[in-house]
Amino acid sequence: MNIYSYTSTPPTAESSLAGTIFYGVDLDACILYVPEGSYLNYWLAPAWGGFKNIVEYDPATAIYNIQNEKYVIEAIEGGLSIRNLPLDVKVKVYSMNGTLVYNGDGGAISLSSGIYVVRIGEKAMKVAVR
């Protein structure tokens, strides 16, 4: 499991009798990605500092190849490539204003430059296309 934060200031992590908002998350195995220059902010923040793996990245220029056991998402020139999806999993891509711009089975998806929300099955993530 990976968690991506896009803000340099850690959001307030609520606590309860059961623990923090990260109750049930394996803080030793989960990788927390934070914006470049904000490692110390997260390491010192309540609840966030419990992550053993905090990795900085540059959200303004980073385009990731995201992989898990099921699929691969890659930024390609003029869009995204989504491969290795199970047959029963659909892909939906939304613009930042919430407009559905793609609904299908993945593969090569033509998109103009911008930030998109990609929903694959029950998971969603923000991606940048150059």
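The model shown is predicted, which means the values in this text are computed figures rather than measured ones.
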The criterion is side-chain hydrogen bond (donor to acceptor under 3.5 Å, both in side chains); which residues satisfy it with [X], sequence neighbours excluded?
X    : value
Y102 : none
T9   : none
S113 : none
S8   : none

Exercise for review: Ignoring hydrogens and angles, tell me if any N or O in the side chain of R83 forms a donor-acceptor pair with the backbone of L85 under 3.5 Å.
Suggested key: no

Please report the interatomic distance [atom1]([X]) to [atom2]([Y]), rounded to the nearest 0.5 Å.
X    : Y    : atom1 : atom2 : value
S95  : I115 : OG    : CD1   : 11.5 Å
Y33  : S5   : OH    : OG    : 13.5 Å
I109 : I82  : CD1   : CD1   : 4.0 Å

Point to revise | Contacts of type ring pair (Phe, Tyr, Trp, His ring centres under 6.0 Å), residue Y42, not counting sequence neighbours | key: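 Here the qualifying residues are W48.
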
Practice item. Output all residues satisfying ring pair (Phe, Tyr, Trp, His ring centres under 6.0 Å) with F51, sequence neighbours left out; order by chain, then residue number. Key: F22

Practice item. Can you sort out the partners of D105 under salt bridge (Lys or Arg N to Asp or Glu O under 4.0 Å), two or more places apart, ordered by chain and number? Key: K90

Closest non-hydrogen atom pair, [X] against [Y]:
X    : Y    : answer
V129 : S112 : CG1-O, 3.8 Å
S81  : I76  : CB-CG2, 3.9 Å
R119 : Y94  : CB-CE1, 4.5 Å

Review point. Residues in side chain to side chain contact (heavy atoms under 4.5 Å, CB included) with D88, at least two apart?
Key: P86

Point to revise | Partners passing side chain to side chain contact (heavy atoms under 4.5 Å, CB included) against N53 (at least two apart in sequence or in another chain) | key: I31

Review point. So which pairs with a foot in residues 44-57 pass salt bridge (charged side-chain N to carboxylate O under 4.0 Å, His left out), sequence neighbours left out?
Key: none

Practice item. Could you check if a side-chain atom of I120 sits within less than 4.5 angstrom of a side-chain atom of I73, using non-hydrogen atoms only? Key: yes

